[in-house]
There are 2 protein chains.
Amino acid sequence: MTTAEENYLKAIYHLSEDGKKSVSTNDVAREMKTKPASVSDMLRKLGEKEMIEYRKYYGVHITEEGKRMALQTVRKHRLWEVFLVDKLNFAWDEVHEVAEELEHIQSPLLIQRLDAYLNYPKFDPHGDPIPDEFGDVKAKPRVALNEMEIDQMGQIVAVKDSSAAFLKYLDKVGAYIGARIKVLDKVEFDGSIEILVDQKKNLFMSKEVAVNILILQS
Amino acid sequence: MTTAEENYLKAIYHLSEDGKKSVSTNDVAREMKTKPASVSDMLRKLGEKEMIEYRKYYGVHITEEGKRMALQTVRKHRLWEVFLVDKLNFAWDEVHEVAEELEHIQSPLLIQRLDAYLNYPKFDPHGDPIPDEFGDVKAKPRVALNEMEIDQMGQIVAVKDSSAAFLKYLDKVGAYIGARIKVLDKVEFDGSIEILVDQKKNLFMSKEVAVNILILQS
DNA sequence: ATTATTTATTAGTCAAGGCTAATTTTTTAT
DNA sequence: ATAAAAAATTAGCCTTGACTAATAAATAAT
Ligand SMILES: [Mn+2]
Ligand SMILES: [Mn+2]
Ligand SMILES: [Mn+2]
Ligand SMILES: [Mn+2]
């Protein structure tokens, strides 16, 4: 598998995650920041390698083998992110781009040793679960903050958007993975929401932000 | 700079290290395990970028800028090797291939942090000096073991060949970086040599091996 | 049920980095 | 000084992964 193939497959995997039955060419193009024409080409190739089921004009489904490969790349990506934050003191908004490169280093031994060195972490700095070497992920039931009701409580366990802009914003307002929250108010007009963080800090945010914060309800 | 350009430039740098005034197309092809035709193409390209001075049919000289770039890659390669050995418990014969990939990760912050994390190491696992961030290398005067005379003494400080085959052989016979040695005998016919290691172990080796062991004389 | 619009694919081009075969230049040997 | 050998370059081709423009298929709108 080439770096490009790994990146495409990972994108397709992520796009199919949210229960979508089939992923469209345009979806992939958007995610990969390439043109649909380039995607068509790559889909044909990944189809031939049986990483995806590809029916022209009808989008793709990832195969079991494709999922296995994608999860391997996801595993590497997230382990490297943990390394960068835990060992090299990167901020959580600085790791994504570098991990995007590191995930393509080819060395099973490296990943096995890295995993051990990091003490077999189960989650990356953004709260996303790290697949084990067999591709098994232990997923907790998470709900987007904007979907919670007034008075419901829970804990921030992950973010959906790993962009520096978003993460820096969270840092600024004091939202972080592990924080306990309670929904104080929701504005129906625009979906904005007010929450209490760690029983002491009031935080008001737009729906756009809330959508990208994932909660483990309690 | 692409990965390929970095690899070529590093090869040219290494080939010019041994005081060679100019590096030939065939030299580079051998080092890079590519065909001379491919090399000609790349030399033209590196020439245009002024990383090398390229006079057709007369080989190349590396420029100051080229040397700077190459040393940057060498620095990254060796820092990663230290990481793999010191932190991930790789053997010194297992690191080269992986470092060959890792050295191309583009992130100045990563290298700066890695350097700090490793405590600013000065030498890699093969005894080669690690250039600092400005490309400065502190070179110690080293001599190949086969060039030493009977009764001369010193310390193994580096190996010239980093292949797994060679390093595993050294492991097996008990030669290692830091070992104190004394030349006991030299056979003129084939250049083979017998040494005493750490004042207790006799070691007989062919010239081929001795050429690849570098000594700091004392 | 047609037509219009959106979505996707194909055709053709490009740059990077390889290769082989043919050619040219330099070097070595007679 | 010339011929032979070696070294290097060029020409032409291939694959990967992009792109634009042209076309085709599927979907939405009348
Ligand atoms: Mn990537
Ligand atoms: Mn992440
Ligand atoms: Mn390399
Ligand atoms: Mn080394």
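Between the NZ atom of Lys35(A) and the C1' atom of dT23(D) there is a distance of 18 Å, given to the nearest Å.
Stacking of Arg78(B) on the aromatic ring of Phe123(B) is not recorded, the 6.0 Å distance cut-off and the 45° axial limit not both being met.
Below 30°, between 30° and 60°, or above 60°: for Tyr117(B) and Phe83(B) the angle between ring planes is between 30° and 60°, a tilted geometry.
Residues Met32(A) and Val39(A) have side chains not in contact (no heavy-atom distance under 4.5 Å, counting atoms from C-beta outward).
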Does the protein touch nucleotides 3-17 of chain C at the base, only the backbone, or not at all? Give it as B, S and - per nucleotide, heavy atoms under 4.0 Å. ----SSBB-----SS

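Residues in residues 19-77 of chain A take part in these ring pair (Phe, Tyr, Trp, His ring centres under 6.0 Å) pairs, two or more places apart or across chains: His77(A)-His96(A).
Using modelled atom types, one side-chain atom of Thr63(A) and one backbone atom of Glu50(A) make a donor-acceptor pair closer than 3.5 Å.
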